[in-house]
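Counting convention: from 1, in listed order, for ligands and their atoms alike.
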Amino acid sequence: MPSAAPPVDPRLDLFAEIDRLRQQRRAVILAHYPQDPDIQDLADHLGDSLELAKRARDARDAEVILFCGVHFMAETAKIVNPKKVVVIPDLEAGCSLAEQCPPERLRAWKRAHPDHHVVMYINCSAGTKAESDIICTSSNAERVIRSIPAGKPILFGPDKNLGAWLVKETGRPMDLWPGACMVHETFSSRKIAALQAKHPDAKFIENPECEDHVLVLADFVGSTSRLLEFVQRDPGTKYIVGTELGILHTMHKAAPHKELIPVPYEDRTAACQGCNQCPHMKRNTIEKIYLALRDLRPRIELPEDVRARALLPLERMLALG
Ligand code: 13P
């Protein structure tokens, strides 16, 4: 059972305390776009998975990296910058994709395909990264696939939707692991098509983790940062945004005159109140950020052999620029 976070004195000004502790601990706060607006606003660096991995690697002056994202992202920070204390507000902030491809199952898949090159999406555990030849994110996946010598067969995981999109974009056949993101797979093409009919002047932009029947409706596909850039530079004024809801906060700030419409989703369970929000990302709160900086835990710790083996495929990705 995960232990409950201790209560925080409600009279504390947590934003001021976080600033004080950030200085005292020489901490850098990294945040991914699906974080709540308050967390995005207090971060030292906000970015997509690739940008945050680079920020973590380059955090030379900091002693502590506080990663406001999910577990595999904080693990990645520890892999690329092992001397730092890496803390995450909530150790239970996982990832549906990472859960679906544990290292032992990847090892079995590799044994069945011994001549294949293994490309894993960064949304996987350190143990799974350690079994991979190269890592990719949604912003560099095409480049990573194109870097693999022609004729070399490829295993791609854990996201079958990103994988299928890459097969289409690059023309490169790949064997795909049957995983999917619990948020992006709820998006409804029927409801999005209805929104497009209602707003014919809107462009539909989305993350490649969406299913093919949703991706075919897109005007632009890219990582969270690429979607943000697109909204800023595109001459249009209205966008249907097909990714986790959190990015809309920064999009509104970056392009205040543009209209942003979040995607509708299929209510696949009666209990779902907001399927376009990642429940793992939303475990991180201001209270937990304060506690993580105060107590320097929960910390990310990795066996050194796993860390060292996971670093190689990450370095191969980062070397591609
Ligand atoms: P990126 O950080 O590559 O945009 O990942 C997207 C994602 O996980 C969206 O929820």
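Taking a cut-off of under 4.0 Å to the non-hydrogen atoms of D48, the atoms of ligand 1 that pass are 1 (P), 2 (O), 4 (O). Short contacts between ligand 1 and T243, defined as distances under 4.0 Å to a heavy atom of the residue, involve ligand atoms 9 (C). Near S223, with a cut-off below 4.0 Å to any heavy atom, the atoms of ligand 1 are 3 (O), 4 (O).
A salt bridge links D212 and K168; the closest N-O separation between the charged side-chain nitrogens and carboxylate oxygens is under 4.0 Å. Checked for salt-bridge contact, R294 and E17 miss the test: no charged N lies under 4.0 Å from a carboxylate O. Between R26 and D61 there is no salt bridge, since none of the side-chain N atoms of the basic residue sits less than 4.0 Å from a carboxylate O of the acidic one. Looking at K83 and E63, no side-chain N of the basic residue comes within less than 4.0 Å of a carboxylate O on the acidic one, giving no salt bridge. Of the charged side-chain nitrogens involved, none lies within less than 4.0 Å of a carboxylate oxygen, so that K78 and E75 do not count as a salt-bridged pair. Using a 4.0 Å cut-off between a side-chain N of Lys or Arg and a carboxylate O of Asp or Glu, K110 and E131 qualify as a salt bridge. Between E229 and R226 a salt bridge is recorded (basic side-chain N to carboxylate O distance below 4.0 Å).
Of all protein heavy atoms, the one closest to atom 9 (C) of ligand 1 is H184 CE1, 3.6 Å. Looking at atom 7 (C) of ligand 1, its nearest protein heavy atom turns out to be E209 OE2, 3.5 Å. Looking at atom 3 (O) of ligand 1, its nearest protein heavy atom turns out to be S138 OG, 2.6 Å. From the protein, the heavy atom lying nearest to atom 4 (O) of ligand 1 is T224 OG1, 2.6 Å. Closest protein heavy atom to atom 6 (C) of ligand 1: N207 ND2, 3.3 Å.
Ligand 1 has no N or O atom lying under 3.5 Å from any N or O atom of T137, backbone or side chain.
When non-hydrogen atoms are compared, ligand 1 lies under 4.0 Å from neither the backbone nor the side chain of L52.
Heavy atoms from other residues, nucleotides or ligands lying under 6.0 Å from CZ of R22 number more than 12.
For M281, the heavy-atom gap to ligand 1 stays at 4.0 angstrom or more.
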